[in-house]
Amino acid sequence: MTEIETIARAQMYLEKLANGVNPLTNEEVAENDVVNNVRISRCLFYTSGILKQIVDNKGKFKVEMPDRAEFGITVEQLANYEYSERPISITEVTKRINALINTLYVKEIKSKEITEWLVEIGMLTNIVVNNNARKRPTSEGQNLGITTEERVNQYGTPYKGVFYNLNAQHFIIDNIDTIIERNRQKLSK
């Protein structure tokens, strides 16, 4: 049996079950059988329909997803941000923020959007190290809790990174609306 034939058989079984028919015997199932529950039956019809689309399209299936809105986050969502006592990278800060939203419907915020704002307000500055652009904390940024540390990456290679302590994380979260607004204005230009 090919994969498509297997999917077609599964689709046929689900459709029969959704209609209250035992797919192996073609007999009606008992009235109190779980497949006769309206919610279960609807789910079976829905899944059967997806499998039918896959078979009809020779194995291809596309889900139409809604356009995602620009990044936005509520106060309630931000209340669940997991602060780290240990200084963390901006990538980790961003990852923790994005974990609070439904990324199916809302675009994620990018680390660059946060660090560009930090440069604009004088907490970070752009420098060049070995012909590579890097961001480093200014004295104001250091006072806030943005530091550079020597760490070792997953491959054992040492690197100098920028890290955000608890106070710096609070500063970013407390100013997230300003960061969002800055990015909206930047996009509208």
Student check: side-chain heavy atoms of Thr148 and Pro137 closer than 4.5 Å: yes
Any chain of hydrophobic side-chain contacts (each under 4.5 Å) joining Val35 to Val21? no
Which pairs count as salt bridge (Lys or Arg N to Asp or Glu O under 4.0 Å) when at least one residue sits in residues 123-136, sequence neighbours excluded? none
Ile54 side, atom CD1; Glu3 side, atom CD - distance, nearest 0.5 Å: 10.0 Å
Quick check with a 6.0 Å cut-off and a 45 degree axis cone: is Arg96 positioned over the face of Tyr83's six-membered ring? no
For the atom pair CD1 (Ile180) and CD1 (Ile73), what is the distance rounded to the nearest 0.5 Å? 7.0 Å
Any carboxylate oxygen within less than 4.0 angstrom of a Lys/Arg side-chain nitrogen, looking at Glu70 and Lys107? yes
d(Leu118 CG, Ile146 CD1) to nearest 0.5 Å is 5.0 Å
Are Pro158 and Arg151 side-chain neighbours, meaning at least one heavy-atom pair lies under 4.5 Å? no
Met123 and Ile176: same hydrophobic cluster, using ILVMFWY side-chain contacts below 4.5 Å? yes
Once rounded to the nearest 0.5 Å, what's the spacing between atom OG1 of Thr91 and atom NZ of Lys112? 13.5 Å
Heavy-atom closest pair (Asn22 atom, Leu24 atom, distance to 0.1 Å) is OD1-N, 2.8 Å
Does the Asn175 side chain pair with the main chain of Thr178, one donor and one acceptor, at a distance under 3.5 Å? no
NZ/NE/NH1/NH2 to OD/OE distance under 4.0 Å, Arg182 and Glu113: no
Judged by atom type as modelled, is there a donor-acceptor pair below 3.5 Å linking the side chain of Thr94 to the main-chain atoms of Ile90? yes
About how many Å separate CD1 of Ile97 and CD of Gln169, when rounded to the nearest 0.5 Å? 9.5 Å
What distance do Ser41 atom OG and Asp33 atom CG have between them, rounded to the nearest 0.5 Å? 11.0 Å
I'd like to check Ile127 versus Val129 (side-chain heavy atoms, cut-off strictly below 4.5 Å). Are they in contact? yes
Is there a side-chain contact between Ile179 and Ile172, using heavy atoms and a 4.5 Å cut-off? yes
Can Ile50 be reached from Val55 by stepping across I, L, V, M, F, W or Y side chains whose heavy atoms are under 4.5 Å apart? yes
Could you check whether any side-chain N or O of Asn165 sits under 3.5 Å from a backbone N or O of Asn167, counting only pairs where one atom can act as donor and the other as acceptor? yes
Compile the donor-acceptor pairs under 3.5 Å between side chains in residues 4-19 and protein atoms, sequence neighbours left out, one pair per line.
{"residue": "Glu5", "atom": "OE1", "partner": "Thr2", "partner atom": "N", "Å": "2.8"}
{"residue": "Glu5", "atom": "OE1", "partner": "Thr2", "partner atom": "OG1", "Å": "3.4"}
{"residue": "Thr6", "atom": "OG1", "partner": "Thr2", "partner atom": "O", "Å": "3.0"}
{"residue": "Gln11", "atom": "NE2", "partner": "Glu15", "partner atom": "OE1", "Å": "2.8"}
{"residue": "Gln11", "atom": "NE2", "partner": "Ser48", "partner atom": "OG", "Å": "2.9"}
{"residue": "Lys16", "atom": "NZ", "partner": "Asn26", "partner atom": "OD1", "Å": "2.4"}
{"residue": "Asn19", "atom": "ND2", "partner": "Glu15", "partner atom": "O", "Å": "3.0"}

With the side chain counted from C-beta on, respond yes when Lys60 and Gln53 share a heavy-atom pair under 4.5 Å apart, and no when they do not. no
Which heavy atom of Phe71 sits nearest to which heavy atom of Val106, and what is that distance? CA-CG1, 3.7 Å
Say whether Tyr164 and Leu144 are linked into one hydrophobic cluster, either directly or through other cluster members, by side-chain heavy-atom distances under 4.5 angstrom. yes
Can you pull the ring-ring contact (aromatic ring centres under 6.0 Å, His included) pairs that have at least one residue in residues 113-143, sequence neighbours excluded? Trp117-Phe171
Does some side-chain heavy atom of Glu181 sit less than 4.5 Å from a side-chain heavy atom of Asp177? no
Could you tell me if the side chain of Tyr105 sits less than 4.5 Å from the side chain of Asp67, heavy atoms only? no
Taking the side chain as everything from C-beta on, heavy atoms only, tell me whether Gln142 gets closer than 4.5 Å to Thr147. no
